[in-house]
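Below is one structure, written out as structure tokens; the observations come after it.
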Amino acid sequence: CKGGGSNEKSLSLFITPDGHAATWTCFRAKCGWRGGTRAFADVRTAFADMKRIGKVNKKYRQITEESLGLEPLCDVLLTYFSERMISRETLRRNAVMQQRHGDQVVIAFTYRRDGALVSCKYRNMTKKFWQEADTLKIFYGLDDIKGASDIIIVEGEMDKLAMEEAGFRNCVSVPDGAPPSISDKDLPPVDKDTKYQYLWNCKEYLEKASRIILATDGDPPGQALAEELARRLGRERCWRVTWPKKSTIDHFKDANEVLMCLGPGALREVIEGAELYPIQGLFDFKNYFTEIDAYYHQTIGYELGVPTGWRSLNQLYNVVPGELTIVTGVPNSGKSEWIDALLCNLNHSVGWKFALCSMENRVREHARKLLEKHIKKPFFDVRYGESVERMSAQEFEEGKQWLSDTFFLIRCENDCLPNIDWVLSLAKAAVLRHGVNGLVIDPYNELDHQRPSSQTETEYVSQMLTKIKRFAQHHSCHVWFVAHPRQLHHWVGGPPNLYDISGSAHFINKCDNGIVIHRNRDPSAGPVDQVQVCVRKVRNKVSGTIGDAFLSYDRVKIAPELCERDYLYPSLHFGIKNAPAVILRYHKYPQGLTPQIFIDMASHVGLILPPSVAN
């Protein structure tokens with residue numbers, strides 16, 4: 001760096017006595033250049049010798065004011081300090097002196113321990129610094145924090161003096177300035193922590209402090225110094241200051257600048273307003289007030305969840321960004337069909353996009369199912385479409401564009417099975433690249449679940465679900481995860497519960513929402529196209545509650561339709577007396593409709609029917 005703009009003499013060079021090796025370090029905060037070299041390729045002992053030298057107990061010079069040629073401050077320097085709002089009394093109490101170099105005088109900051117002079121740091125009028133060599137590294141103003149429970153650490157001697165002008169004597173300054181950046185390495189052992197040796201030399205002064213305010217400079221090196229000090233002192237007892245704004249963009253840099261521009265009262269307010277130093281993973285609610293305010297005023301978006309598109313289900317379940325919904329049900333109950341219909345509804349209502357990791361579906365088959373739900377016409381002109389005309393070529397082309405704009409596929413095209421980390425990494429890319437709002441993983445048993453032999457399936461499932469939830473929360477993306485129940489012995493046709501999912505009870509313990517999709521298979525019990533959506537867990541009461549909703553599967557529109565719209569909505573419009581007209585709509589179902597089923601379905605939309613009317 002050549003000393004920077006002030007040509008600071010900050011390069012330290014060490015050559016081994018035999019001349020075979022050398023090391024160097026620039027102690028200028030914004031540089032930090034260091035390195036070493038050997039004189040000959042076969043030199044093997046030089047660096048070992050240097051390491052040995054470093055381990056020898058260093059002997060420090062004994063210095064006095066007389067041996068250093070120190071003297072009281074002259075009028076020129078007193079005026080210099082006065083312009084910086086530092087009084088004569090503060091200078092006297094801190095034993096700030098001067099040293100002559102020919103016709104030039106420089107400021108001498110004396111470093112004392114128990115009143116004895118142990119080191120001295122110099123500063124000339126062009127802000128060049130240097131220190132006495134072979135002296136003990138300690139804090140400047142060390143005696144002022146002896147026995148103090150609250151201490152302040154600043155970055156320079158001028159800031160220490162400024163703090164005293166604001167009424168804070170319990171303040172010290174670091175001797176060597178700030179590092180250029182935060183180290184990404186682990187803390188070194190004490191004997192090798194050379195840059196911060198002054199901390200360990202003053203350990204007994206710091207141990208009693210319960211509150212340490214880090215008032216370092218506001219520039220990046222100053223913030224790096226605060227972090228390095230907090231790492232060594234313990235973040236749990238550190239506080240930090242925020243320097244006031246100088247303009248709409250810039251902040252004041254340090255304590256002395258605040259004292260000069262705003263006065264001692266403003267500097268006191270800065271220190272008294274110090275905040276707890278952040279600890280990774282530990283917060284208070286104040287850190288989240290902005291988010292809580294937005295939640296209260298509903299400015300984030302979808303705070304109450306996005307409606308599903310089926311009125312009776314909206315009372316039980318709404319889709320909240322960042323949540324995990326587990327969907328289960330016995331095979332061939334319509335789990336995937338229901339999720340596909342839900343995605344179509346969400347896209348039609350709020351324009352959401354989705355990433356699909358659907359390993360049971362061939363791409364062309366999945367495209368057909370989604371297009372039929374979107375266009376509400378059969379893809380083919382075959383038996384399930386009855387007399388409804390298949391989608392036209394124009395509708396098909398428009399539907400293909402909708403597919404491309406709305407869904408993004410996560411597929412493993414080779415023979416290997418994808419694992420959850422691979423799926424989530426691609427889902428993250430889909431969120432960042434395409435802005436998807438939802439992820440479907442269907443089903444669990446199609447993923448690769450290799451795990452260490454020492455890990456149980458329960459532990460594996462817990463870890464996997466934690467990864468999925470963190471992804472959902474971090475990317476504000478709703479995840480639907482389909483998991484099949486284990487083999488049900490003595491099954492009598494009723495819906496399974498979430499504890500029946502194969503693998504672990506963590507599926508219900510860790511999910512935000514748990515849904516069972518069940519289809520009636522007994523004609524004597526009701527319509528076989530009736531789909532029961534059993535909401536068995538809702539963690540967030542704002543978005544729903546536990547209960548059942550009934551849909552019917554329309555094979556023509558190829559989508560679940562709402563019971564209340566198909567069968568009860570006319571009676572809400574025209575009154576109870578027209579209920580028989582609603583029942584007539586069931587004539588297309590060979591199994592008919594029992595009065596009790598009609599009463600149960602009516603209750604889901606708040607319609608109370610006496611048995612006589614139901615009959």
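Just so it is clear, the values below take in all heavy atoms, side chains as well, and ignore hydrogens, waters and symmetry mates.
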Problem - Qualifying residue for side-chain contact (heavy atoms from CB on, under 4.5 Å) with I151, from L206, D144, L233 - result: L206
Is it true that the side chains of [X] and [Y] contain a donor and an acceptor less than 3.5 Å apart?
{"X": "Y60", "Y": "E132", "value": "no"}
{"X": "S119", "Y": "K137", "value": "no"}
{"X": "E275", "Y": "T242", "value": "no"}

Practice task
Could you tell me which residues satisfy side chain to side chain contact (heavy atoms under 4.5 Å, CB included) with S183, sequence neighbours excluded, listed by chain and number?
Solution key: K185, E228, R231
Handout entry: Cation-pi check, K428 onto F471 ring (under 6.0 Å, within 45° of axis)
Key = no
Problem - Main-chain N/O of L78 paired to S82 side chain as donor or acceptor, under 3.5 Å - result: no
Exercise for the section: Could you check K195 against D176 for salt bridge (charged side-chain N to carboxylate O under 4.0 Å, His left out), going step by step and ending with a plain yes or no? Expected result: CA-CA 8 Å; K195 173 69 177 175; D176 289 336; 5.2 Å; no
Practice task
Fit a plane to each ring of Y460 and H449, take the angle between them on a 0 to 90° scale, and name the class: parallel (under 30°), tilted (30 to 60°) or perpendicular (over 60°).
Solution key: perpendicular
Practice task
For the residue pair Y444 and F507, categorise the inter-ring angle as parallel (less than 30°), tilted (30 to 60°) or perpendicular (more than 60°).
Solution key: perpendicular
Handout entry: Among R268, R92, R93, the one residue meeting salt bridge (charged side-chain N to carboxylate O under 4.0 Å, His left out) with E164
Key = R93
Do NZ/NE/NH1/NH2 and the carboxylate oxygens of [X] and [Y] come within less than 4.0 Å?
{"X": "R169", "Y": "E89", "value": "no"}
{"X": "K253", "Y": "D217", "value": "yes"}
{"X": "E204", "Y": "R113", "value": "yes"}

Using a 6.0 Å cut-off, check whether atom [atom1] of [X] has over 12 heavy atoms from anything other than its own residue.
{"X": "H474", "atom1": "NE2", "result": "no"}
{"X": "R34", "atom1": "CZ", "result": "no"}
{"X": "R539", "atom1": "CZ", "result": "yes"}

Exercise for the section: Measure across A294 and I300 and return the closest heavy-atom pair with its distance rounded to 0.1 Å. Expected result: CB-CG1, 3.5 Å
Problem - Within the 6.0 Å centroid threshold, strictly below: Y205 and F139 - result: no
To the nearest 0.5 Å, what is the distance between [atom1] ([X]) and [atom2] ([Y])?
{"X": "M97", "Y": "L117", "atom1": "CE", "atom2": "CG", "result": "9.0 Å"}
{"X": "Y198", "Y": "L136", "atom1": "OH", "atom2": "CG", "result": "13.5 Å"}
{"X": "E257", "Y": "H251", "atom1": "CD", "atom2": "NE2", "result": "12.0 Å"}

